[in-house]
Amino acid sequence: MAGFQSLPGFRDYHPEDFSRRQQVFRVWRSAATAFGFQEYDAPVLEPLDLYKAKSGEEIETQLFSFTDKGGREVSLRPEMTPTVCRMVGEKAGSLKRPIKWFSIAEFYRYERAQKGRLRAFHQLNADIFGEAGPEAEIELIALLIQCLAGFGLTQDDFIIRLSDRNLWFYYLEALGFTAAQIPAVLTVVDRFDKAGAPQVEAFKPYVEKFGPLDQTTKNRVHAFALQSGSNFSEQEILTLWLQDAKPEAREKVSARMADFRKIMDGLADMGLKDFVEMDMMVVRGLAYYTGFVFEAFDRKGDLRALAGGGRYNDLVKKLGGPDLPAVGFAIGDVTTGLLLEQHKKTEPYANAPAVYAVIGGEAARKTAFADIQALRASGVRVEYPFKDLAFGKQFKTASESGAKLALIYGDDELAKRVVKLRDLADRSERDVPHDQVVAVVRDLLSRR
RNA sequence: GCGGCCAUAGCUCAGCUGGUUAGAGCACAAGAUUGUGAUUCUUGGGGUCGCGGGUUCGAAUCCCGUUGGCCGCCCCA
């Protein structure tokens, strides 16, 4: 059709699309609620500075930002984290700890759309504030698993990869990298699985910035990134690390490994062992993460990340709030939807009334309307034809609508002060006294 | 921001190397059928062939541009 189209990367939700979206939201919401998270929402439009403060100036090219009529620099929200940090920061003093919040909301990013990525998309965001220990990570990762397992997906379909930026910092410090260089190295690590030959291609961005790097160091970084698996060995990691470490730093690393083990064991105790594995290759793009980071991927590996999250202990303070530790994750609807389609976990679209009223004429319509309204007011979904139609036509429509029952209002029934009730599945019929129709229908429907 | 492929009805597509008034299936609607439905038959609505320009006697078809979609690169909070 010529004329107006939706904007690139934005979607119309026709009823079938909308019902699928609702299925996703339903699973997410019931998971978050079961885990004791409280739902909130926030403005779609925020001051541009909120995102610049968190992510730096460069972010602006990927924001839906503009100047409003009052001259304010504003942006559609590209994510929830800064907003929720502000909200929690404002009231942190009066909120019971731990603070466990979630939202399901739409976000907007000015990027080129491609598979699994659009300009407008929905995310569930779940965050825990006020808990510095790894117990918060256990809780969140368990919730993330439920947000996917709730669709019937299993450990054969997706995997959570857990990593720790602190371990990376300690290790890279030990290798002699400066605080300025470490983020660049982590960018390199992020590229390892994409860039093919890691020692050559992947280090390019680092080398361009800080000059050449000896091959031994490159190999060590790569070896550390390869630490992975569900049965990771602290011993191996410590050994690898210790060969480069100053003795006084060993305690830090041991404590970190203990926390790592605690998360893995906690999830194993919940029966979720097979959903999680260590993977030091995961570092996550942005620099504000301060500890454990994790991502969810499909097992086949042909989709982009399903979800991502981690600890950001400094962000609430950075945005003007109190010093408040935090962990959170977000899971998106686009990639999740692709995964559900791949695994045929989408619910079939259902749009059937419970009752269809077959109406024989104008006199019958008056009686039918009274019952229809009474049934609807009591919550029963009832449909009826707007115009007078042949009975045959009406029965066909009733059948095709998927209704369980038909109520037949004709001259014969009117004369006898009854309504004929037909079971559309087995085609049985019986007369029901007119004043009992609502009660009988409700009773029949509740039995199934 | 860069590159590849694509664009005909609501959906899936056909339409030959340019040639009358652009087709099919599905879907939707009406009728056969004013007291009983899943089949069937008949009929109908719906297209400026994504948009703009060019070549030509003539363009859905060839050329250029543009918009949108899909896929990849950059990025990915």
For the [atom1] atoms, the ones on [N] and on [M], what distance do you get once it is rounded to whole angstrom?
{"N": "C51(B)", "M": "G68(B)", "atom1": "P", "answer": "15 Å"}
{"N": "C6(B)", "M": "G45(B)", "atom1": "P", "answer": "34 Å"}
{"N": "C73(B)", "M": "U12(B)", "atom1": "C1'", "answer": "32 Å"}
{"N": "C70(B)", "M": "U33(B)", "atom1": "C1'", "answer": "48 Å"}
{"N": "C63(B)", "M": "C5(B)", "atom1": "P", "answer": "12 Å"}
{"N": "A27(B)", "M": "G10(B)", "atom1": "C1'", "answer": "7 Å"}
{"N": "U17(B)", "M": "C62(B)", "atom1": "P", "answer": "9 Å"}

inquiry  = Tell me whether Lys218(A) forms a cation-pi arrangement with Phe203(A), defined as NZ or CZ under 6.0 Å from the six-membered ring centre and within 45 degrees of its axis.
reply    =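 Yes, a cation-pi geometry holds between Lys218(A) and Phe203(A).
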Cation over ring face, Arg311(A) and Phe292(A), 6.0 Å, 45° = no
ask   = Is there a Watson-Crick or G-U wobble partner for C5(B) with both distances under 3.5 Å, and which nucleotide is it?
value =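 Partner of C5(B): G69(B).
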message = Tell me whether the side-chain N/O atoms of Arg112(A) come closer than 4.0 Å to OP1 or OP2 in C74(B).
response = no
Under 4.0 Å, counting only non-hydrogen atoms across every strand here, what does [X] touch: a base, just sugar-phosphate, or nothing?
{"X": "Gln394(A)", "answer": "nothing"}
{"X": "Pro78(A)", "answer": "base"}
{"X": "Gly402(A)", "answer": "nothing"}

message = Whether the side chain of Arg117(A) and the base of C75(B) hold a donor-acceptor pair under 3.5 Å is what I'd like checked.
response =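 Yes.
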Rounded distance in Å - CZ (Arg304(A)) to C1' (G72(B)) = 11 Å
query = Tell me, for nucleotides 32-38 of chain B in 5' to 3' order, what letter each nucleotide earns: B for a base near a protein heavy atom under 4.0 Å, S for only sugar-phosphate near one, - for neither?
reply = --SBBBB
